[in-house]
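Sequence lines set the chain letters: A, B, ... in the order given, protein chains first and strands last, and positions in each chain run from 1. Side chains are part of it too, since the values below use all heavy atoms of this structure and drop only hydrogens, waters and symmetry mates.
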Protein chains: 2
Amino acid sequence: MSSQTGTRGPRSDAAKNRAALLDAARTELNQDPDASLEAIAAAAGLTRRSVYGHFPSREALIGELAAIGAARVAAAVDAIHDTDPVLDLALVGRLVWDDVADVRAMTRTVVRGPLHEQVLSSELGPLHARIVADVELAAATGAGRTDLHAETVARLIEGAAFTVLDESLRRPMSRHEGRRLVVLAGLGALGLSWRDANAVLVANADRLTPEDDR
Amino acid sequence: MSSQTGTRGPRSDAAKNRAALLDAARTELNQDPDASLEAIAAAAGLTRRSVYGHFPSREALIGELAAIGAARVAAAVDAIHDTDPVLDLALVGRLVWDDVADVRAMTRTVVRGPLHEQVLSSELGPLHARIVADVELAAATGAGRTDLHAETVARLIEGAAFTVLDESLRRPMSRHEGRRLVVLAGLGALGLSWRDANAVLVANADRLTPEDDR
DNA sequence: CCTAAGTTGCACACACATGTGCAACTTGAA
DNA sequence: TTCAAGTTGCACATGTGTGTGCAACTTAGG
């Protein structure tokens, strides 16, 4: 009542800087998981102090970054489906890899860290559910293993993907090879023999390991 | 020349305390990977200050702990062999699991951390080499996959083992189930179908998944 | 019993990063 | 041009853990 609400829209460069911060954080954290706010702010052309004008805390920044990434992955994966559970799993692997390839290091540290239980399990929950469903369907079809709980198999598959991610951080690996490895490792965890896994791979080369190595 | 070397053997309880420190570190770090020297010393019945009478730094303590553990694993694995590469891999998996089962959390953090490249790769180098050799032999025999470099397959197998370790930290898992999972996941990475992997498991149940769940 | 080995407690320096308060400044939008 | 949104620089508090120096103490071994 006393004072008019200072009506004045937010400045446009504010949003720009916010985006720059998220972008810089993505890049910096991908190089050094423990990059300081100082470094991130500098990379965004700002000061550490002003970071707090956009995010209440370091954790909030990283949290939002993770949420965005997770949402991207979820969207990409949601966009495609296949009735064959084995092929569906392979496709999911390929898509996730494509989305994560540029932020592998960052992905690893986020997934290993405390964020795992927070943002990721809520944002990526559907993805996990889909994998479980595929595993169950594959088991019912006779294509996948039935000797373990579907939930466990799903974890093995996800773990295999992370193993490939680790490997890709240990030595240079082209996007193409990454795709191939993720699919092969995943199908192996599903219970396919390596010959069967490769058969799936070549029969669907156009969708699993296309040459358009963008 | 000037002063007689104060000849007096080291006190016996010194070695005892040193061992107690290593033991406490093992236990504490297994519960909290970031346990402070304060906590470790207390668990050993000592003070943080006196830790520095035995180890020059925190890193040295953990380093020695890791070296001891790695040596234990290496020794256990060295003690057994099999000419069949597939079975040999399964045996290695079982033995490693047995040795690591009590220190899973600590193992994870050590292997994920900076020690990985130091102590572990030197101490566990032979183990890795053996896995690679088994993979190559299995490929030559026709039992294992030939679609990937042996080195890569070895990493996939090791990664599968770590995935099982992670899973065992997420939910309760008996030693018996752990053994079974490690072997199945490992053979899957090697390229066996889930049926073949299970066949190996049951055909060698006495050596792979004995009931003596000590 | 003597004495050196080992322990203790305390203080301190150091490093490092986060989060805040505040005054002065720059910039964008109306 | 004006003025609030946004940025900057600096200081400061806070927290947390490591590594050291030192005097006083306790204990094991000869």
message: Quick check: do B:Arg130 and B:Asp88 have side-chain heavy atoms less than 4.5 Å from each other?
response: yes
Nearest-angstrom distance from the residue atom [atom1] of [X] to [atom2] of [N]:
| X | N | atom1 | atom2 | result |
| --- | --- | --- | --- | --- |
| A:Asp34 | C:dC16 | CG | C1' | 12 Å |
| B:Lys16 | C:dA5 | NZ | P | 19 Å |
| A:Asp32 | C:dC16 | CG | C1' | 13 Å |
| B:Arg18 | C:dT7 | CZ | P | 12 Å |
| B:Glu38 | D:dT18 | CD | C1' | 12 Å |
| A:Tyr52 | D:dC12 | OH | P | 18 Å |
| A:Leu46 | D:dG9 | CG | P | 11 Å |
| B:Phe55 | D:dG17 | CZ | P | 20 Å |

- prompt: With a non-hydrogen cut-off below 4.0 angstrom, is B:Arg58 in contact with a base, only sugar-phosphate, or nothing?
  reply: sugar-phosphate
query: Is A:Asn17 touching bases, backbone alone, or none of the nucleic acid, heavy atoms closer than 4.0 Å?
result: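 Sugar-phosphate only.
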message: Between A:Asp82 and A:Arg207, does any side-chain N to carboxylate O distance fall below 4.0 Å?
response: yes
- request: For B:Arg49 and for B:Asp13, find the nucleotide of DNA chain C with the closest heavy atom, then tell me which residue's nucleotide is more 5'.
  value: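 Nearer the 5' end of the strand: B:Asp13.
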message: As an exercise, state the distance from CD of A:Glu151 to CZ of B:Arg171, rounded to the nearest 0.5 Å.
response: 9.0 Å
field: Closest to the B:Ser36 side chain, choosing from C:dA17, D:dG17, C:dG19
entry: D:dG17
statement: The answer to which of B:Ala35 and A:Ala14 contacts DNA chain D further toward the 5' end, by nearest nucleotide, is A:Ala14
- request: Test for a donor-acceptor pair under 3.5 Å between the base of D:dG9 and the side chain of A:Arg48, counting only N and O atoms.
  value: no
- request: Please state whether the base of C:dA5 and the side chain of B:Arg11 form at least one donor-acceptor pair under 3.5 Å?
  value: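 Indeed there is one.
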- prompt: Quick check: does any side chain N or O of B:Asp23 sit under 3.5 Å from a backbone N or O of B:Ala19, one acting as donor and the other as acceptor?
  reply: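 Not at all, since once roles are kept as given, no pair shorter than 3.5 Å links the two residues.
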[X] side-chain N/O to [N] phosphate OP1/OP2 under 4.0 Å:
| X | N | value |
| --- | --- | --- |
| A:His54 | D:dT7 | yes |
| B:Thr47 | C:dT7 | no |
| A:Ser50 | D:dG6 | no |

Lys/Arg cation over aromatic A:Tyr52: A:Arg58, 6.0 Å, 45° cone: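 No; the conditions do not both hold, so A:Arg58 does not lie above the ring face of A:Tyr52.
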